[in-house]
S.K.: 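Before I ask anything, here is the structure I am working with.
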Number of protein chains: 2
Amino acid sequence: MDLRHLSTFVAVAEEGSFSRAADRLRIAQSAVSRTIRDLERDLGRQLFDRSTHHVALTQAGHELLDSARAALTAVDTLRVAAEDAGECIRCPRDGQKKGTEDT
Amino acid sequence: MDLRHLSTFVAVAEEGSFSRAADRLRIAQSAVSRTIRDLERDLGRQLFDRSTHHVALTQAGHELLDSARAALTAVDTLRVAAEDAGECIRCPRDGQKKGTEDT
DNA sequence: ACCGATTACGAGTGGCGTAATTATT
DNA sequence: AATAATTACGCCACTCGTAATCGGT
């Protein structure tokens with residue numbers, strides 16, 4: 001599994017469509033389709049019900065959506081924490097903590 | 001950033017050594033070195049102080065370690081949730097919820 | 001017939017391992 | 001000299017985009 005899988009999963013779940021998800025993620029529909037398929041295989045659970053023309057979350061999809069978001073959020077939190085933590089690698093002085101750089 | 005980066009980061013932090021981390025992760029030292037380097041670049045923070053022969057977490061490293069573990073845990077939680085959620089893709093009956101398969 | 005998802009194919013990117021290099025104890 | 005981290009090189013796997021295919025409304 002990969003963060004990309006989770007992002008794609010959440011995108012499709014929120015958009016309710018592979019096409020829209022692809023559009024949001026700026027990738028091709030085929031990439032979305034494969035990513036979801038791979039994730040489903042990896043988790044051993046069908047995330048979406050696309051038997052009809054309509055894409056809907058399965059029960060498993062529903063249950064996993066929160067976990068997926070949590071994981072994504074955790075990574076995002078890490079990034080934010082990195083902004084505040086320690087000093088900048090390339091900044092001998094490291095005066096700016098975040099956004100102190102002018103304009 | 002990637003889950004792999006975080007796993008490597010935590011491994012090095014816990015082992016206190018690139019070599020041991022590589023051993024734990026079953027990959028070459030060079031891979032660990034590059035992964036950490038890439039992660040440091042990505043986060044803009046030096047995670048380890050390896051000026052001497054000894055590898056130690058920097059302040060930023062310390063602060064980010066928890067976040068990294070949290071992200072990893074979140075993903076792990078997702079996997080566990082997948083075990084319990086919905087039905088198995090390939091199991092028409094889906095009698096076993098987890099570990100029901102005999103020996 | 002149109003819209004949307006899936007599959008096939010080729011190209012580009014990235015990670016890993018091995019080997020060589022540099023530094024520290 | 002030995003151990004450990006970094007860099008170079010080549011290979012393999014993975015992902016993406018485009019195009020063709022299949023299915024449903």
Side-chain angles (χ1 to χ4, degrees), chain A residues 1-58 60-62 64-65 68 71-72 75 79 89-90, chain B residues 1-58 60-62 64-65 68 71-72 75 79 89-90:
Chain A
M1 193 190 351
D2 195 22
L3 257 18
R4 187 174 45 77
H5 294 279
L6 302 185
S7 304
T8 305
F9 168 43
V10 173
V12 173
E14 291 181 353
E15 296 293 341
S17 159
F18 281 54
S19 314
R20 295 176 95 88
D23 188 52
R24 181 208 282 194
L25 299 170
R26 310 301 184 85
I27 59 177
Q29 297 178 7
S30 59
V32 174
S33 180
R34 279 174 305 210
T35 299
I36 295 298
R37 174 171 54 81
D38 292 344
L39 180 59
E40 288 178 328
R41 285 181 181 175
D42 184 33
L43 295 178
R45 294 283 179 274
Q46 190 169 347
L47 270 12
F48 297 103
D49 188 348
R50 37 216 195 275
S51 52
T52 72
H53 202 178
H54 181 229
V55 171
L57 277 168
T58 59
H62 265 294
L64 294 179
L65 186 54
L72 254 18
V75 173
R79 285 214 129 90
I89 284 183
R90 288 279 164 192
Chain B
M1 193 191 349
D2 193 21
L3 256 18
R4 187 175 46 77
H5 294 281
L6 302 185
S7 304
T8 305
F9 169 44
V10 172
V12 173
E14 292 180 352
E15 296 293 341
S17 160
F18 281 55
S19 313
R20 296 175 95 87
D23 189 51
R24 181 208 281 194
L25 299 169
R26 309 301 185 87
I27 59 176
Q29 296 178 7
S30 59
V32 175
S33 180
R34 278 175 305 210
T35 300
I36 295 298
R37 173 171 54 80
D38 292 343
L39 179 60
E40 288 178 329
R41 283 182 182 175
D42 183 32
L43 295 178
R45 294 284 181 273
Q46 190 168 345
L47 271 10
F48 296 103
D49 188 348
R50 37 217 194 274
S51 52
T52 72
H53 200 177
H54 182 229
V55 171
L57 277 168
T58 60
H62 265 295
L64 295 179
L65 186 54
L72 254 17
V75 173
R79 285 213 128 93
I89 284 183
R90 288 276 164 193

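The structure presented is a predicted model; accordingly, all values stated were derived computationally and were not measured. Scope of the values below: all heavy atoms of this structure, side chains included, with no hydrogens, waters or symmetry mates. Below, chains carry the letters A, B, ... as their sequence lines are ordered, and counting in each starts from 1.
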S.K.: Which residues satisfy the salt bridge (Lys or Arg N to Asp or Glu O under 4.0 Å) test with A:Arg34, sequence neighbours excluded?
M.R.: none

S.K.: With salt bridge (charged side-chain N to carboxylate O under 4.0 Å, His left out) as the criterion, how do B:Asp42 and A:Arg79 come out once you've worked through the C-alpha distance, each side chain's angles and the decisive distance to 0.1 Å?
M.R.: CA-CA 9 Å; B:Asp42 183 32; A:Arg79 285 214 129 90; 2.5 Å; yes

S.K.: Could I get the full list of salt bridge (Lys or Arg N to Asp or Glu O under 4.0 Å) partners for A:Asp38, not counting sequence neighbours?
M.R.: none

S.K.: Quick one: list whatever passes side-chain contact (heavy atoms from CB on, under 4.5 Å) with A:Leu3, sequence neighbours left out.
M.R.: A:Leu6, A:Leu72, A:Val75, B:Leu3

S.K.: Sugar-phosphate atoms are those with a prime plus P, OP1 and OP2; base atoms are the rest. Using that split, label each nucleotide of nucleotides 9-25 of chain D B, S or - for protein heavy atoms under 4.0 Å, 5' to 3'.
M.R.: B-----SBBB----BSS

S.K.: Minimum heavy-atom separation for B:Val12 and B:Ala21, please, with both atom names.
M.R.: CG2-CB, 3.5 Å

S.K.: For DNA chain C, what residues of residues 7-14 of chain A have any heavy atom nearer than 4.0 Å?
M.R.: none

S.K.: Quick check on contacts: within residues 17-25 of chain A, what sits under 4.0 Å from DNA chain D by heavy-atom distance?
M.R.: none

S.K.: Run the salt bridge (charged side-chain N to carboxylate O under 4.0 Å, His left out) check on A:Arg24 and A:Glu14 step by step: do they pass?
M.R.: CA-CA 10 Å; A:Arg24 181 208 282 194; A:Glu14 291 181 353; 2.8 Å; yes

S.K.: Can you pull out how bent the helix from C:dA1-D:dT25 to C:dT25-D:dA1 is, comparing the axes over its first five and last five pairs, to 10°?
M.R.: 30°

S.K.: Please assess A:Val55 against A:Asp49 for the test side chain to side chain contact (heavy atoms under 4.5 Å, CB included), listing each intermediate value before the final yes or no.
M.R.: CA-CA 6 Å; A:Val55 171; A:Asp49 188 348; over 6 Å; no

S.K.: Could you name each residue pair satisfying ring-ring contact (aromatic ring centres under 6.0 Å, His included) that touches residues 1-49 of chain B, not counting sequence neighbours?
M.R.: B:Phe9-B:Phe48

S.K.: Look only at the side chain of A:Thr58 and the backbone of A:Leu47, and say whether a donor-acceptor pair between them is shorter than 3.5 Å.
M.R.: yes

S.K.: Give a yes or no answer on whether the side chain of A:Ser33 reaches the backbone of A:Gln29 with a donor-acceptor pair at less than 3.5 Å.
M.R.: no

S.K.: Kindly give the heavy-atom pair with the smallest separation between A:Leu25 and A:Ser7, and that separation in Å.
M.R.: CD2-O, 4.5 Å

S.K.: B:Glu40 side chain to B:Gln46 main-chain N or O, any donor-acceptor pair under 3.5 Å?
M.R.: no

S.K.: Extract, from 5' to 3' on DNA chain C, the first and final nucleotides lying under 4.0 angstrom from some heavy atom of chain A.
M.R.: C:dC3 to C:dC9

S.K.: Tell me, please, which residues at least two apart from B:His62 pass side-chain contact (heavy atoms from CB on, under 4.5 Å).
M.R.: B:Leu57

S.K.: Which residues pass the side-chain contact (heavy atoms from CB on, under 4.5 Å) test with A:Asp23, sequence neighbours left out?
M.R.: none

S.K.: Applying salt bridge (Lys or Arg N to Asp or Glu O under 4.0 Å), can you list everything that pairs with A:Arg37, at least two apart in sequence or on another chain?
M.R.: none

